[in-house]
Amino acid sequence: MPELPEVETVKRSLAGPLTGASITGVTVYFAGNIKEPDPETFRRLLIGKEFLDIARRGKFLLFSLSGGYVLVVHLRMTGQLFLAGSGEPVDKHTHIVFSLSGDRELRYADQRKFGILELVHKEEVHRLKGLKELGLEPFSTDFTVDWLAAMLRDKKRPIKNLLLDQTVVAGIGNIYADEILFEAGIHPEKPAGALTEREIAALWQAVPRMLELGIQHRGTSIRNYVDGAGQRGGFQNLLRVYGREGEPCCRCGAAITRIKVAGRGTYFCPRCQHREQQ
DNA sequence: AGTCAAACCTGGGCGC
DNA sequence: TGCGCCCAGGTTTGAC
């Protein structure tokens, strides 16, 4: 599910309703997603805490709580974080329920159970695995074309592989990587270091452009993704290559092709996205 | 340094 | 209906 636009949409949809709310109880139906501390300490520490602020870093959500604690959540493939009324039925994939004042609940559901929840003191956040290795935020002012050019220089790995590397740029996943490369007209297997200046400039523009477009449409819902209000996104209808194997390219009409890059299903237009030059 | 497969889990879709 | 296989939005791990 969740790449940067989806995580950002969850953040925005939870920020209003959650800010100022207090946790009155925590029910853990499945503890496997709780990485630290142990589930009982996790429960005990959270009860009575107030949500102060929500931030996003890459695909991580960071909930600042009273008492100096931070709840860090990574949704991985199928994690969902959404608000519900306390009377609504709890489905079998809901693993953790945070009861809030006013008969509301924040629920964590996760069909494949890959997601991660960690509760740490704010001084400890910087040491968390995955979070500390994150690269640049694509919307930060540090994400310049010169910085990108320097990151690609002499790299032999496929450009798609590099886009998916969270230690380079944070937040891009498999769907947006394909859409970004289509937008920029670059073959996903082209070695990063072989991109021309024009291609680097096009890529630099396409990264924030496609992510922003995803956010404007409230994310991509192909399977499980929903925002903090339980609503699906709309960007799946605007994808131009992802999931469109065999369909005509919207620019040139050639059939969209599916290959594997970095072990991931990869969609591109063989005519618009070439390996050589341009 | 890099690439790859496998692992963590569950479920949907397909062909037979 | 059932079975087996492949696929899935992410990341880590260990082998080469």
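Chain letters run A, B, ... following the sequence lines, proteins first, then strands; residues in each count from 1. Since the model is a prediction, treat every value here as computed from it, not as a measurement.
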For a quick test of your reading: what N or O donor-acceptor pairs under 3.5 Å do the side chains of residues 139-149 of chain A make, sequence neighbours left out?
{"unit_1": "A:Ser140", "atom_1": "OG", "unit_2": "A:Glu137", "atom_2": "O", "d": "3.0"}
{"unit_1": "A:Ser140", "atom_1": "OG", "unit_2": "A:Asp142", "atom_2": "N", "d": "3.3"}
{"unit_1": "A:Thr144", "atom_1": "OG1", "unit_2": "A:Trp147", "atom_2": "N", "d": "3.0"}

If we take the P atom in both C:dG10 and B:dA1, what is their distance in whole Å? 25 Å
Short N-O contact, A:Glu199 and A:Lys190, less than 4.0 angstrom: yes
Interatomic distance where CZ belongs to A:Arg264 and P belongs to C:dT11 [whole Å]: 8 Å
Which heavy atom in A:Tyr225 sits nearest to a heavy atom in A:Gly219, and how many Å separate them? CE2-CA, 4.2 Å
Which whole-number value in Å describes the distance from A:Ile175 CD1 to C:dC7 P? 17 Å
Those residues of residues 147-160 of chain A lying under 4.0 Å from DNA chain B by at least one heavy atom: A:Lys155, A:Arg157, A:Pro158
Residues in salt bridge (Lys or Arg N to Asp or Glu O under 4.0 Å) with A:Arg271, at least two apart? none
In whole angstroms, how far is the C1' atom of B:dG2 from the CG atom of A:Leu162? 12 Å
Between C:dC3 and B:dC9 - P atom distance, rounded Å: 24 Å
Only counting residues at least two apart or in another chain, list the ones meeting ring-ring contact (aromatic ring centres under 6.0 Å, His included) with A:Tyr267. A:Tyr242
Applying salt bridge (Lys or Arg N to Asp or Glu O under 4.0 Å) to A:Glu189 and not counting sequence neighbours gives A:Arg275
Under 3.5 Å, sequence neighbours excluded: what are the donor-acceptor pairs made by side chains of residues 59-73 of chain A?
{"unit_1": "A:Lys59", "atom_1": "NZ", "unit_2": "A:Ile172", "atom_2": "O", "d": "3.2"}
{"unit_1": "A:Ser66", "atom_1": "OG", "unit_2": "A:Glu50", "atom_2": "N", "d": "2.8"}

By nearest-heavy-atom nucleotide on DNA chain C, the more 5' of A:Leu164 and A:Thr266 is A:Thr266
Polar-atom pairs under 3.5 Å, protein N or O versus N or O of nucleotides 12-16 of chain C: list them with distances, or write none.
none

Show every salt bridge (Lys or Arg N to Asp or Glu O under 4.0 Å) that has at least one partner inside residues 235-251 of chain A, sequence neighbours left out. A:Glu183-A:Arg240, A:Glu183-A:Arg251, A:Arg244-A:Glu247
Whether A:Asn174 contacts C:dA8 is assessed here as follows: a side-chain N or O lying under 4.0 Å from the phosphate OP1 or OP2. Is that the case? no
Regarding A:Tyr176, tell me which of base, sugar-phosphate or nothing describes its non-hydrogen contacts under 4.0 Å with the strands shown. nothing
Starting at atom CG of A:Asn33, determine the distance to atom P of C:dT11, rounded to an integer number of angstrom. 15 Å
Which atom pair, heavy atoms only, marks the closest approach of A:Tyr108 to A:Gly115? OH-CA, 3.2 Å
Are the side chains of A:Glu6 and A:Val10 in touch, meaning some heavy atoms are under 4.5 Å apart? no
Rounded to whole Å, please give me the gap between CG in A:Asp178 and C1' in C:dG10. 15 Å
Using whole Å, what does the distance between atom P of nucleotide B:dG12 and atom CE of A:Met77 come to? 15 Å
Distance, rounded to the nearest Å, where A:Asn161 contributes CG and B:dA5 contributes P: 13 Å
Applying a 4.0 Å non-hydrogen cut-off, can you work out what A:Gly115 is touching in the nucleic acid: base, sugar-phosphate, or nothing? nothing
Tell me every residue that passes salt bridge (Lys or Arg N to Asp or Glu O under 4.0 Å) with A:Glu124, counting only those two or more places apart in sequence or in another chain. A:Arg127
Under 3.5 Å, which N/O atoms of the protein pair with N/O atoms of nucleotides 9-11 of chain B?
{"unit_1": "B:dC9", "atom_1": "O2", "unit_2": "A:Arg112", "atom_2": "NE", "d": "3.1"}
{"unit_1": "B:dT10", "atom_1": "OP1", "unit_2": "A:Lys113", "atom_2": "NZ", "d": "3.0"}
{"unit_1": "B:dG11", "atom_1": "OP1", "unit_2": "A:Lys92", "atom_2": "NZ", "d": "2.7"}
{"unit_1": "B:dG11", "atom_1": "OP1", "unit_2": "A:His93", "atom_2": "NE2", "d": "3.0"}
{"unit_1": "B:dG11", "atom_1": "O4'", "unit_2": "A:Gln111", "atom_2": "OE1", "d": "3.3"}

Taking only side-chain N and O atoms of A:His74, does any of them lie within less than 4.0 angstrom of OP1 or OP2 on C:dG10? no
Could A:Glu8 and A:Arg12 be called an ion pair, given the rule that one side-chain N must be under 4.0 Å from one carboxylate O? yes
How far apart are the closest heavy atoms of A:Asp178 and A:Gly265, and which atoms are they? OD2-O, 3.9 Å
Mark yes or no for whether A:Gln236, through its side chain, and A:Ser221, through its backbone, hold a donor-acceptor pair below 3.5 Å. yes
Within the structure provided, determine whether A:Arg157 and A:Asp165 are in side-chain contact (heavy-atom separation under 4.5 Å). yes
Heavy-atom nearest pair, A:Ile23 first then A:Phe51, reads CG1-CE1, 3.6 Å
Residues within residues 228-238 of chain A bordering DNA chain B, heavy-atom distance below 4.0 Å: none
Separation of A:Glu3 atom CD from C:dG10 atom C1', in whole Å? 9 Å
Decide whether A:Leu163 and A:Val261 are clustered together by the hydrophobic rule: side chain heavy atoms of Ile, Leu, Val, Met, Phe, Trp, Tyr closer than 4.5 Å, transitively. no
Using a 3.5 Å limit on both pairing distances, list the dot-bracket string of DNA chain B from the 5' end; Watson-Crick and G-U wobble pairs count, crossing pairs take [ ], interstrand pairs take |. .|||||||.|||||||
